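Note that this is a predicted model, so its numbers are computed, not measured.
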Amino acid sequence: MAFSNPSSLLSSCSVHRLNPLLFTHRRQTTRLSRWHVNRLRPRFLAVAASENGIFTSPEIAKTFDFSSEERIYNWWESHGYFKPKFVRGSDPFVVSMPPPNVTGSLHMGHAMFVTLEDIMVRYHRMKGRPTLWLPGTDHAGIATQLVVERMLATEGIKRSELGRDEFTNRVWEWKEKYGGTIANQIKRLGASCDWSRERFTLDEQLSRAVIEAFVRLHEKGLIYQGSYMVNWSPSLQTAVSDLEVEYSEEPGTLYYIKYRVAGGSRSDYLMIATTRPETLFADTAIAVNPQDERYSKYIGRQAIVPMTFGRHVPIISDKYVDKDFGTGVLKISPGHDHNDYLLARKLGLPILNVMNKDGTLNEVAGLYCGLDRFEARKKLWTDLEETGLAAKKEPHTLRVPRSQRGGEIIEPLVSKQWFVTMEPLAEKALKVVETGELTIMPERFEKIYNHWLSNIKDWCISRQLWWGHRIPVWYIEGKDCEEDYIVARSAEEALDKAREKYGNVDIFQDPDVLDTWFSSALWPFSTLGWPDASAEDFKNFYPTTVLETGHDILFFWVARMVMMGIEFTGTVPFSNVYLHGLIRDAQGRKMSKTLGNVIDPIDTIKEYGTDALRFTLALGTAGQDLNLSMERLTANKAFTNKLWNAGKFVLQNLPSQSDNSAWETLLAYKFDLEETLLRLPLPERWVVSKLHMLVDTVTTSYDKYFFGDVGREIYDFFWGDFADWYIEASKARLYQSEGQSVASIAQAVLLYVFENILIMLHPFMPFVTEELWQALPNRKEALIVSCWPQTSLPRDGNSVKRFENLQALTRAIRNARAEYSVEPARRISASIVANSEVRQYVWNEKEVLALLSRLDLQNVHFVESAPGDANQSVHLVVGEGLEAYLPLADMVDVSSEVERLTKRLSKMQAEYDVLVARLKSSNFVQKAPEEVVRGVREKAAETEEKLTLTKNRLDFLKSTVLLCNFSLANVAVVNPDNLLEADSAPYSSQRW
């Protein structure tokens, strides 16, 4: 009987329950050998690792202690296991960790990428490849500056009061104090990255790479300065990237405003619907669809912008206007709307800006100058109502752009910024995917990648911040900043260039910093020493192997790294991109503080353990979002416990380490040899064959990055094959008194299979597997650096099929016992009907069958045809050529069962009649809610099915009673001498 839960594997009661060949509840009369007694006594000092205070053996600890994870991690790191051992000519496996923000605190997104990358790294390290996982953090310009500004605000200090240099010093102080938080939390997840190579995007080396990249791009004419539409944060006073803008559906208002037609009557006006009336001061045109007959007569005329003292704008036609949306009339405000901006550039319309950088209206707004944008909106609408130009307003759901950092509403604004021309860079990035130099997983994201690069816009790389990489541009005092500027690698070089060109002049540096994504785009090679191409790490580990990250930053980071890598190094920076999905709650909702559904990884680790969390996250499918539930975490915590208890069982059934003879015998088995495999008994031959098949399957899945498949395959083998079947079958060897020769085979197989399970599972669950590995005897090295199992090892397919027959027979008997509610401790008889081949291999494993099926050892018969009492037995058809007959009298008291079922049938019939009566009532069917009627129909159908099953079972039992009575009547007239003669006749079938 397979153990149903991990905690019961070796409990005192389960010893009696699971080991019937050795123990009974009464005093055991069989004398155990001395070896058996030693084997079952815990060997508290058996493992050297337990003595050093780092590891704990399952023989000592009831469960795996999560608090030991940090000790194990520190032990790995102190031994240098995370550092690559590079050998010239080898093929290194290199991953650059996506740098989390230095302000960050661990969330489930971090936990996902750390888990997946660590799985890759640990697997390839065990495969023998020099493996480098390079960690680091991002300076996170906006986020960090905002955090420090808020901290200063609590002291009553404003950034402007400190000045740039002093403020920057304060940020560095904050970074030194708090910046290591995220790195320490990543370590809690088991990240086996080389911390001696940890990088920060503002490190001196990486800063040099950023300046070099800017200078080279500018020298090629790919960087320019200009005024264009950007996402503007009035609170932060800077442009922000598209990634830092989050859109939310919010209730708002749609305002209907009358624009009078110049030169027309009072009835000649255009009704415009807008959600942002304050931008009307920046209107430069009114547009209608050329196919809209309502307004065709006004095309080419002028409209008067309300509240502007009669400013006129042209009425134009453009198919861009949706005539079915709102009133079909569109106000064009190119200075405050992305789409309007593009339309204005296409049509050559002027661009007006009505907004200051702080979100107040400027002098273009006339009387409203100086008002906050939202305050101006209210006042303007009141004034429009007073002048009769306000028609109406109505509720409207808005798609509001908000700053990811500050939460404020982002303002589309035309601003002078630095840009990178992207099209020439994008062409090369498209080509590497087309030629197969770069593989994106899942493949469907290639289309998204290609679409974005094929329609790419120039990149705004300047930010109006103080924290970050200062733009390496210097202006000449007294000269036009747009025409006269110097791009250089340092202030000294800039001054030399300026004086060489302009004479004895003074210069000043551009106050802006570069977009954080600019430095991040250089991450795969700047962290390895670029622009110094002779740097050892750059020569040994570039290009990298895999870039793993979330699919939501495919454009903003991945594509930019590809473009920059090709531009500056001449090669794609990684050959594979693996994209994971987002982590959502159990209901599929995005985690947010507002919903209160955020799951903290550190809290999760404390409750469920790192291994359970990692295993849960890794079972997702690449590119697809994962719904994280407590049920999944609980189940995988149970998996950790199951693994621990299996280790406990293996350890308690191995010879003492001082028993050299036993260990010589045990270690002499070479399961990688076919002749060894074929000499094993059936259960051992089956489990070793299944293991070798698993190694091939799992290795292939690891190589294809099918991590979800890997986890499920190992889980199913460990729990479904090894724990539930082989461990239970091995007890027939371990707990019999036939000497150690039979037991040593089981011991060797248990050890061999279990240690290979630990190896294959280690990348997913590093802590518990290392703990168990160190507890096993004769460990020569840490699991983290142990060799991966060989593939294509021998297996016996015929034995697998045979043992599956034995499993099917066992399941059938167990199901029959469950169906007839046979007490677990009760032993029953059985007749196994099979052909000679099947009969032979099942008979060879009769002890295993008896143990797993709880059969009476003295009353199991192997026959060629149905036994004489077949009509009084439960007949089980297991498969072709294999059947079983279980005497009913062994399982139940037939008369009592007939009586019980008769009463049950009567009660069920009454319930069924009530349900049918309700359904026949037209009053109920017509008036009751549809779902209620449907529920009654379903309940009636279910009850009818149960009635049929119960009737069939009752009929069978009644026929058995009749047959039994008939047999007894016949026996009464048989000659006693004949009866004795029949009993002494040899039994025709095998019996034991």
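Checked by atom type and distance alone, the side chain of Thr144 pairs as donor or acceptor with a backbone atom of His139 at under 3.5 Å. Side-chain atoms of Arg560 never come within 3.5 Å of backbone atoms of Leu554 as a donor-acceptor pair (strictly under, hydrogens ignored). Between the side chain of Ser519 and the backbone N or O of Val210 there is no donor-acceptor pair closer than 3.5 Å. Side-chain N or O atoms of Arg402 include none that pairs as donor or acceptor with a backbone N or O of Glu246 at under 3.5 Å. Under a 3.5 Å cut-off, the side chain of Trp523 and the backbone N or O of Thr201 do not form any donor-acceptor pair. Put simply, the side chain of Asp292 never gets that close to the backbone of Asn289: no donor and acceptor are under 3.5 Å apart. When atom types are taken as modelled, the side chain of Asp337 and the backbone of Ser333 share no donor-acceptor pair closer than 3.5 angstrom. A donor-acceptor pair under 3.5 Å links the side-chain atoms of Asn597 to the main chain of Lys590, judged by distance alone. Remark: side-chain polar atoms of Asp322 are paired, donor with acceptor, to backbone N or O of Asp324 under 3.5 angstrom. In this structure a side-chain-to-backbone donor-acceptor pair under 3.5 Å is present from Asp585 to Gly588.
Note that NE2 of His551 is 8.0 Å distant from CG of Leu579, once rounded to the nearest 0.5 Å. Here the straight-line distance linking atom CZ of Arg463 with atom OG1 of Thr516 works out to 7.5 Å at 0.5 Å rounding. From Ser207, atom OG reaches atom CG of Leu202 across 5.0 Å, with rounding to the nearest 0.5 Å. To the nearest 0.5 Å, atoms NE2 (His396) and CG (Leu254) are separated by 5.5 Å.
Taking the six-membered ring wherever Trp is involved, the centroid distance between the rings of Tyr269 and Tyr259 does not fall below 6.0 Å. Checked against the 6.0 Å centroid criterion, the rings of Tyr255 and Trp381 qualify as a close aromatic pair.
Checked by atom type, the side-chain pair Asp358/Thr360 shows a donor-acceptor distance below 3.5 Å. Side-chain atoms of Tyr485 and Asp510 include no donor-acceptor pair closer than 3.5 Å.
Phe555 pairs with exactly one of Tyr449, Trp517, Trp459, Trp452 by the ring pair (Phe, Tyr, Trp, His ring centres under 6.0 Å) rule, that one being Trp452. Exactly one residue among Val305, Leu352, Leu380 makes a side chain to side chain contact (heavy atoms under 4.5 Å, CB included) with Phe281. That residue is Leu380. Looking at Arg311, Lys331, Arg276 one by one, the single match for salt bridge (charged side-chain N to carboxylate O under 4.0 Å, His left out) with Asp283 turns out to be Lys331.
Enclosure of atom NE2 in His451 is not indicated, since only 12 or fewer non-hydrogen atoms of other residues, nucleotides or ligands lie within 6.0 angstrom.
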Query raised in the report: Could you go step by step and tell me if Glu212 and Arg216 meet the salt bridge (Lys or Arg N to Asp or Glu O under 4.0 Å) rule?
Result: CA-CA 6 Å; Glu212 184 67 26; Arg216 291 191 189 184; 2.8 Å; yes

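Every pair passing salt bridge (Lys or Arg N to Asp or Glu O under 4.0 Å) that includes a residue from residues 420-438 is listed here, sequence neighbours excluded: Lys428-Glu567.
Residues satisfying the salt bridge (Lys or Arg N to Asp or Glu O under 4.0 Å) test with Glu363, not counting sequence neighbours, are none.
Side-chain contact between Ile486 and Val473 is absent, with no heavy-atom pair separated by less than 4.5 Å. Looking at heavy atoms from C-beta onward, Pro99 lies in side-chain contact with Trp557 at the 4.5 angstrom threshold.
Residues Ser415 and Lys357 share a closest heavy-atom pair of OG-NZ, 3.9 Å. Taking each heavy atom of Pro277 and Arg377 in turn, the nearest pair found is CG-CG, 3.7 Å.
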